[in-house]
Amino acid sequence: QVQLVESGGGLVQPGEFLSLSCVVSASGSGFSIRAVGWHRQAPGKQRELVAGLTNWGSTNYADSVKGRFTISRDNAANTVYLQMNSLKPEDTAVYYCYVRGVVAGIHEYDYWGQGTQVTVSS
């Protein structure tokens with residue numbers, strides 16, 4: 001059983017910053033994380049990748065957030081972070097934490113958080 005609990009969403013003014021956290025809890029044994037990321041979905045739009053971080057250490061950012069957002073991971077705390085700086089109104093969306101994990105070193109599964117609302121408005 002894998003559960004992703006997000007926090008940090010809220011209302012912020014343009015130009016300000018916001019930090020999102022995602023705590024990954026896994027019961028049982030044999031689970032390991034291969035990649036983590038953040039996706040977002042705005043009203044009327046499809047869910048899109050915001051930032052990704054693989055177990056190999058490579059990162060991937062959407063062009064619209066490059067230079068402003070930073071994804072990181074604390075392995076000891078099983079926590080994924082998204083630092084969002086210089087926020088713009090177009091960043092307004094529901095942000096979802098994403099984890100790709102492997103069970104018993106064979107079976108791959110994708111997990112999603114419940115989503116947290118980020119609203120950028122003056």
Side-chain angles (χ1 to χ4, degrees):
Q1 197 83 8
V2 178
Q3 184 177 9
L4 280 60
V5 181
E6 303 170 351
S7 62
L11 175 64
V12 66
Q13 295 182 343
E16 295 184 341
F17 64 91
L18 201 62
S19 297
L20 304 181
S21 299
C22 174
V23 179
V24 182
S25 300
S27 60
S29 61
F31 177 81
S32 62
I33 297 175
R34 291 291 179 264
V36 299
W38 291 90
H39 291 66
R40 68 185 181 186
Q41 186 169 20
K45 297 183 179 180
Q46 295 186 356
R47 188 175 300 185
E48 64 173 350
L49 171 70
V50 176
L53 173 63
T54 71
N55 201 37
W56 296 93
S58 63
T59 58
N60 185 31
Y61 295 94
D63 290 338
S64 60
V65 306
K66 287 182 178 178
R68 299 189 298 118
F69 290 10
T70 303
I71 185 172
S72 61
R73 173 187 172 189
D74 187 332
N75 293 334
N78 290 326
T79 304
V80 185
Y81 303 95
L82 182 66
Q83 179 66 43
M84 303 181 293
N85 298 325
S86 301
L87 284 164
K88 305 175 181 179
E90 47 265 43
D91 294 320
T92 297
V94 177
Y95 285 71
Y96 298 90
C97 180
Y98 163 82
V99 171
R100 179 188 300 166
V102 177
V103 178
I106 300 176
H107 306 287
E108 295 184 353
Y109 298 96
D110 293 337
Y111 304 93
W112 296 89
Q114 76 282 2
T116 182
Q117 177 70 48
V118 173
T119 302
V120 184
S121 176
S122 59

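For the salt bridge (Lys or Arg N to Asp or Glu O under 4.0 Å) test, no residue two or more places apart in sequence or in another chain qualifies with Arg34. For Gln114, the side-chain contact (heavy atoms from CB on, under 4.5 Å) test picks out Glu6, with sequence neighbours left out. With sequence neighbours excluded, the residues that form a side-chain contact (heavy atoms from CB on, under 4.5 Å) with Thr59 are Leu53, Tyr61, Ile71. Among residues two or more places apart in sequence or in another chain, the ring-ring contact (aromatic ring centres under 6.0 Å, His included) test is passed with Phe31 by Tyr111. Looking at residues two or more places apart in sequence or on another chain, you find no side chain to side chain donor-acceptor pair (under 3.5 Å) involving Gln3. Looking at residues two or more places apart in sequence or on another chain, you find no salt bridge (Lys or Arg N to Asp or Glu O under 4.0 Å) involving Arg73.
Rounded to the nearest 0.5 Å, atoms OG1 (Thr70) and CE (Met84) are 11.0 Å apart. Rounding to the nearest 0.5 Å places OG of Ser19 at 7.5 Å from CG of Asn85. Here the straight-line distance linking atom CG of Leu49 with atom OH of Tyr98 works out to 9.5 Å at 0.5 Å rounding.
The cluster map of Ile, Leu, Val, Met, Phe, Trp and Tyr, joined by side-chain heavy atoms under 4.5 Å apart, puts Trp112 and Val94 in the same cluster. A continuous path of ILVMFWY side-chain contacts below 4.5 Å connects Val50 to Val120, so both sit in one hydrophobic cluster. Both Val80 and Tyr109 sit in one connected hydrophobic cluster of ILVMFWY residues. Membership requires side-chain heavy atoms under 4.5 Å apart, directly or through other members. Note: the hydrophobic cluster containing Tyr96 does not contain Val118 (ILVMFWY, side chain heavy atoms under 4.5 Å, direct or indirect links).
Here the closest non-hydrogen pair linking Leu82 and Ala51 is CD1-CB, 4.1 Å. Closest approach of Val2 to Leu4, counting heavy atoms only: CG1-CD1, 3.7 Å.
In this structure the side chain of Val65 reaches within 4.5 angstrom of the side chain of Arg40, judged on heavy atoms. With a 4.5 Å cut-off on side-chain heavy atoms, Arg68 and Asp91 count as touching. Side-chain contact between Cys97 and Trp38 is present, with heavy atoms from C-beta onward closer than 4.5 Å. Inter-residue side-chain proximity for Thr92 and Gln117 is flagged as met; some heavy-atom pair is nearer than 4.5 Å. Side chains of Val24 and Ile33 form a contact here, defined as non-hydrogen atoms less than 4.5 Å apart. A 4.5 Å side-chain heavy-atom check between Phe17 and Val12 finds every atom pair outside the cut-off.
Ser122 and Gln13 share no side-chain donor-acceptor pair at under 3.5 Å.
At most 12 heavy atoms of other shown residues, nucleotides or ligands fall within 6.0 angstrom of atom CZ in Arg100. Within a 6.0 Å radius of CD in Gln46, no more than 12 heavy atoms belonging to other residues, nucleotides or ligands are found.
Checked by atom type and distance alone, the side chain of Thr79 never pairs as donor or acceptor with a backbone atom of Val23 at under 3.5 Å.
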